[in-house]
Amino acid sequence: QVQLLESVGGLVQAGGSLRLSCAASGRTFSRYAMGWFRQASGKEREFVADINWNGGNTNYADSVKGRFTISRDNAKNTVYLQMNSLKPEDTAVYYCAGKTTVTTYTGTYSYWGQGTQVTVSS
């Protein structure tokens, strides 16, 4: 069983930056593709970014491309989401997720964190 624990989000002004982290338990973290999703109030959860097992492949939603960066440190069992040039529309609960495949394009996300609130003020 893998447990994922996101860092505390926060309140940031538009144009600002914030880095989220997600710490995973378990010895096989390095073999999991990881992703970040978000859910704004009244909306469905949406994909933000994902990363393969060694960080060699990343994918982003068009809405965050060029502003957000996903990365991972397998030695620390942690995945990160660096968010720059934040906009009010980035306000959401952000979730870390993992799946038991090394690639981003196979498998389904079966492990989820509890979510962390990110609020961007205008």
Side-chain angles (χ1 to χ4, degrees):
Q1 185 73 11
V2 174
Q3 292 185 325
L4 303 176
L5 182 63
E6 295 106 339
S7 59
V8 175
L11 173 64
V12 63
Q13 288 189 330
S17 298
L18 192 65
R19 188 177 81 157
L20 301 179
S21 62
C22 172
S25 65
R27 296 176 294 175
T28 55
F29 171 80
S30 62
R31 299 188 61 80
Y32 293 174
M34 300 293 295
W36 286 96
F37 293 76
R38 67 186 182 186
Q39 186 168 19
S41 180
K43 295 186 177 181
E44 294 187 353
R45 187 169 59 193
E46 64 176 3
F47 167 79
V48 175
D50 62 13
I51 187 168
N52 74 334
W53 70 282
N54 66 355
N57 176 258
T58 57
N59 302 286
Y60 297 92
D62 287 343
S63 59
V64 306
K65 201 171 293 184
R67 299 188 299 121
F68 290 12
T69 302
I70 188 172
S71 62
R72 67 189 296 159
D73 184 340
N74 287 343
K76 296 182 178 179
N77 278 15
T78 301
V79 62
Y80 303 96
L81 185 68
Q82 177 67 45
M83 303 183 292
N84 298 329
S85 301
L86 282 161
K87 305 175 181 179
E89 50 264 44
D90 294 319
T91 295
V93 177
Y94 283 72
Y95 296 91
C96 170
K99 53 183 174 179
T100 57
T101 56
V102 297
T103 64
T104 58
Y105 49 84
T106 58
T108 57
Y109 286 97
S110 50
Y111 301 108
W112 293 86
Q114 81 287 355
T116 187
Q117 177 70 46
V118 172
T119 302
V120 184
S121 63
S122 57

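Along the sequence shown, the residues carry numbers beginning at 1.
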(message) For residues Val48 and Val12: do they belong to one hydrophobic cluster (side chain heavy atoms under 4.5 Å, members Ile, Leu, Val, Met, Phe, Trp, Tyr)?
(response) yes
(message) What I want to check is whether the side chains of Thr119 and Gln117 have a donor and an acceptor closer together than 3.5 Å.
(response) yes
(message) Show me the pairs that pass ring-ring contact (aromatic ring centres under 6.0 Å, His included) and involve residues 51-76, at least two apart or across chains.
(response) none
(message) Count I, L, V, M, F, W, Y as connected when their side-chain heavy atoms are under 4.5 Å apart, and connections chain through other members. Are Tyr111 and Val93 then in the same cluster?
(response) no
(message) Does any part of the side chain of Val102, heavy atoms only, come nearer than 4.5 Å to the side chain of Tyr32, both counted from C-beta?
(response) no
(message) Can you list everything that forms a ring-ring contact (aromatic ring centres under 6.0 Å, His included) with Trp112? Sequence neighbours excluded, please.
(response) Phe37
(request) Verify, without hydrogens or angle tests, whether Thr78 (side chain) and Lys76 (backbone) share a donor-acceptor contact under 3.5 angstrom. (result) yes
(message) Nearest 0.5 Å, please: how far is OG in Ser110 from NZ in Lys99?
(response) 9.5 Å
(message) Looking at every non-hydrogen atom in both residues, tell me the closest pair between Val2 and Ala24 and how far apart they are.
(response) CG1-CB, 4.4 Å
(request) Could you tell me whether a side-chain N or O of Ser25 sits under 3.5 Å from a main-chain N or O of Gln3, the two making a donor and an acceptor? (result) yes
(message) If I compare all heavy atoms of Tyr94 with all of Leu81, which pair ends up nearest, and what's the gap?
(response) CD2-CD2, 4.1 Å
(request) Could you check if a side-chain atom of Tyr105 sits within less than 4.5 angstrom of a side-chain atom of Asn52, using non-hydrogen atoms only? (result) no
(request) Identify the two heavy atoms, one from Ser121 and one from Leu11, that lie closest to each other, and give their separation to 0.1 Å. (result) CB-CD1, 4.3 Å
(message) To the closest 0.5 Å, what do you measure between OG (Ser122) and CD (Gln13)?
(response) 9.5 Å
(message) Would you say Trp36 ends up clustered with Leu86 if hydrophobic residues are merged whenever their side chains have heavy atoms under 4.5 Å apart, either directly or through other cluster members?
(response) yes
(request) Answer with yes or no whether the hydrophobic clustering places Val120 together with Leu18; edges join I, L, V, M, F, W, Y residues whose side-chain heavy atoms lie under 4.5 Å apart. (result) yes
(request) Would you sort out whether Asp62 and Lys65 count as a salt bridge (charged side-chain N to carboxylate O under 4.0 Å, His left out), showing the intermediate values? (result) CA-CA 5 Å; Asp62 287 343; Lys65 201 171 293 184; 3.2 Å; yes
(request) Can you see which heavy atom on Thr116 is nearest to which on Gly9, and at what distance? (result) OG1-N, 2.6 Å
(request) Can you spot which of Met83, Arg67, Gln82 makes a side-chain contact (heavy atoms from CB on, under 4.5 Å) with Ser17? (result) Gln82
(message) Can you list everything that forms a salt bridge (Lys or Arg N to Asp or Glu O under 4.0 Å) with Arg31? Sequence neighbours excluded, please.
(response) none
(message) Tell me the closest heavy-atom pair linking Gly113 and Tyr95, and the distance in Å.
(response) O-CD2, 3.7 Å
(request) Using side-chain contact (heavy atoms from CB on, under 4.5 Å) as the criterion, point out the one residue from Ile51, Asp73, Ile70, Leu20 that pairs with Tyr80. (result) Asp73
(message) Side chains of Thr104 and Asn57 only: does a donor on one sit below 3.5 Å from an acceptor on the other?
(response) yes
(request) Can you measure from OG (Ser63) to NZ (Lys87) and round to the nearest 0.5 angstrom? (result) 8.0 Å
(message) Less than 4.5 Å apart, side chain to side chain, heavy atoms only: is that true for Val64 and Arg38?
(response) yes
(request) First locate atom SG of Cys96, then atom CG of Leu5, and finally report the distance between them rounded to the nearest 0.5 Å. (result) 9.0 Å
